[in-house]
There are 2 protein chains.
Amino acid sequence: MATTSSRTQRTDPLTLEVVELIGTVVARYHEEYDAAAGKHALTGAQARVLGLLSLEPLPMRRIAQKLKCEPSNITGIIDRLEARGLVERRPDPADRRVKLAAPTEEGLTVARSLRESLNFAREPLAELSREERLSLRGLLRRMVGEDAGLLADPATPAGYD
Amino acid sequence: MATTSSRTQRTDPLTLEVVELIGTVVARYHEEYDAAAGKHALTGAQARVLGLLSLEPLPMRRIAQKLKCEPSNITGIIDRLEARGLVERRPDPADRRVKLAAPTEEGLTVARSLRESLNFAREPLAELSREERLSLRGLLRRMVGEDAGLLADPATPAGYD
DNA sequence: TATTGTTATACTCTATAACTATA
DNA sequence: TATAGTTATAGAGTATAACAATA
């Protein structure tokens, strides 16, 4: 025991400030995300799904799993994206029960635009030098508990694509 | 120019990974937040408002400003919190147009419980030493652009109380 | 006149349950 | 029978517009 225990001191000012800063980052993240989606007249959920599908077409069921919501909700979201010509439903040759949701050409374009105008932290991160970003990566990795780089699904970086 | 420009290289792997990690943190943040709210059968918005009011009673208008939504939405949220006996509407002696939303005793208790079970990052941060948390704070501060500690509203740390 | 809170309306997201068509 | 997607339904959050009470 070198200095004051950092595990028992649950409300020390330093930890609280870091938590607060993370809250700020989270808020900033959403502001950017919603603003980017809004530019294309998309809701957050729609933008998220479109971003997912731009990586690879997915069965409805898989989308629900990625979004952590009930499959019945996906129907409506895809309906709206389809009505706007950004997504289309394709039959799955292997299983005639499943429908694959895939982005159209325009959908891909919008997804790309979204990703570019989005990419939160690109701006904020620009403030940091390479060394600092390396340091930040290390700290975040430890926070996230990603010791070796084991993500449940390689295609799913996080909740928000 | 020491190494490769870090501002023009917009898609370098390091930056992308950090962005990805931030996305993971954001997702984790919400999981914890929603789980904590769910334990009390509260929605995210309700928990957020209750948390705000636990710091100080606020006019409906102010709540909308803090949540960055239209004032008309607050009516319903406060209605539901009031129906559950967690919040009450008080007249403002100074201006009879405004109604102050204030937590009840039970509301304060729930808010406290929420804050305790919540406090995201307390666990993850426990993994970091004091020095590492100091380092993380510094990096986040720079990301957030909080050079001196100038927040628009001292009572509002972030989007999520 | 301007402002505060509310109501009315409409849309989206969400969960639950029941239905259909496949498997 | 089990599964994929859908439909129907209900609750909640959101924005817009119009309203009553007060300033």
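Just so it is clear: chains get the letters A, B, ... in the order the sequence lines come, proteins before strands, and each one is counted from 1.
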Report task. Check every strand shown and say whether A:Ile74 touches a base, only sugar-phosphate, or nothing at a heavy-atom separation below 4.0 Å. Result -> nothing

Report task. Looking at every strand, decide which applies to A:Asp92 at a 4.0 Å heavy-atom threshold: base, sugar-phosphate, or nothing. Result -> nothing

Atom [atom1] in [X], atom [atom2] in [Y]: separation rounded to 0.5 Å?
X        : Y        : atom1 : atom2 : answer
B:Ile63  : B:Asn73  : CD1   : CG    : 12.0 Å
A:Leu125 : B:Arg142 : CG    : CZ    : 11.0 Å
B:Arg48  : B:Leu114 : CZ    : CG    : 12.0 Å
B:Gln65  : B:Leu58  : CD    : CG    : 9.5 Å

In whole angstrom, give the distance that lies between atom [atom1] of [X] and atom [atom2] of [N].
X       : N      : atom1 : atom2 : answer
B:Arg84 : D:dG11 : CZ    : P     : 16 Å
A:Ile77 : D:dT6  : CD1   : P     : 12 Å
B:Arg61 : D:dT22 : CZ    : C1'   : 13 Å
A:Arg90 : D:dA4  : CZ    : C1'   : 18 Å
A:Met60 : D:dT3  : CE    : P     : 19 Å

Which protein N or O atoms sit under 3.5 Å from an N or O of nucleotides 16-20 of chain D?
| from | atom 1 | to | atom 2 | distance (Å) |
| --- | --- | --- | --- | --- |
| D:dT16 | O4 | B:Ser72 | OG | 2.6 |

Query raised in the report: Which other residues belong to the hydrophobic cluster containing B:Leu100, where Ile, Leu, Val, Met, Phe, Trp and Tyr are joined when side-chain heavy atoms lie under 4.5 Å apart, directly or via other members?
Result: B:Val98

Query - Which residue lies more 5' along DNA chain D, comparing B:Gln46 with A:Leu58 via nearest heavy atoms - result: A:Leu58

Report summary line: Counted 5' to 3', the first and last nucleotides of DNA chain C within 4.0 Å (strictly under) of a heavy-atom of chain A are C:dT12 to C:dA23

Query raised in the report: Which ones in residues 96-103 of chain B lie close to DNA chain C, meaning a heavy atom under 4.0 Å from one of its atoms?
Result: B:Arg97, B:Val98, B:Lys99

Query raised in the report: Does anything in residues 35-45 of chain A reach DNA chain D, meaning a heavy atom under 4.0 Å, and if so which residues?
Result: none

Query raised in the report: Does the salt bridge (charged side-chain N to carboxylate O under 4.0 Å, His left out) test come out yes or no for A:Glu17 and B:Arg137, once each step is laid out?
Result: CA-CA 7 Å; A:Glu17 185 180 348; B:Arg137 181 185 67 176; 3.3 Å; yes

**Report entry** Partners passing salt bridge (charged side-chain N to carboxylate O under 4.0 Å, His left out) against B:Glu31 (at least two apart in sequence or in another chain)
**Finding:** A:Lys68

Query raised in the report: By salt bridge (charged side-chain N to carboxylate O under 4.0 Å, His left out), which residues pair with B:Arg90, not counting sequence neighbours?
Result: B:Glu88

Query raised in the report: Angle, rounded to 10°, between the helical axes spanning five pairs at each terminus of the helix from C:dT1-D:dA23 to C:dA23-D:dT1?
Result: 10°

Query - Residue pairs, two or more places apart or on separate chains, that pass side chain to side chain donor-acceptor pair (under 3.5 Å) and touch residues 92-103 of chain A - result: A:Asp95-A:Arg97

Query raised in the report: Honestly curious: do B:Leu67 and B:Met60 fall in one hydrophobic cluster under the side-chain, below-4.5 Å linking rule?
Result: yes

Result block: side-chain N/O donor-acceptor pairs under 3.5 angstrom for residues 38-45 of chain A, not counting sequence neighbours:
| from | atom 1 | to | atom 2 | distance (Å) |
| --- | --- | --- | --- | --- |
| A:His40 | NE2 | A:Ser113 | OG | 2.8 |
| A:Thr43 | OG1 | A:Gln46 | N | 3.2 |

Check: [X] side chain, [Y] main-chain N or O, donor-acceptor pair, under 3.5 Å:
X        : Y       : value
B:Glu32  : B:Tyr29 : no
B:Arg133 : A:Leu14 : no
A:Thr104 : A:Gly85 : yes

Query - Pair listing, salt bridge (Lys or Arg N to Asp or Glu O under 4.0 Å) test, anchored in residues 74-84 of chain A, at least two apart - result: A:Asp79-A:Arg89, A:Glu82-A:Arg89

Query - B:Ser135: partners by side chain to side chain contact (heavy atoms under 4.5 Å, CB included), with sequence neighbours left out - result: A:Ser135, A:Leu139, B:Leu139

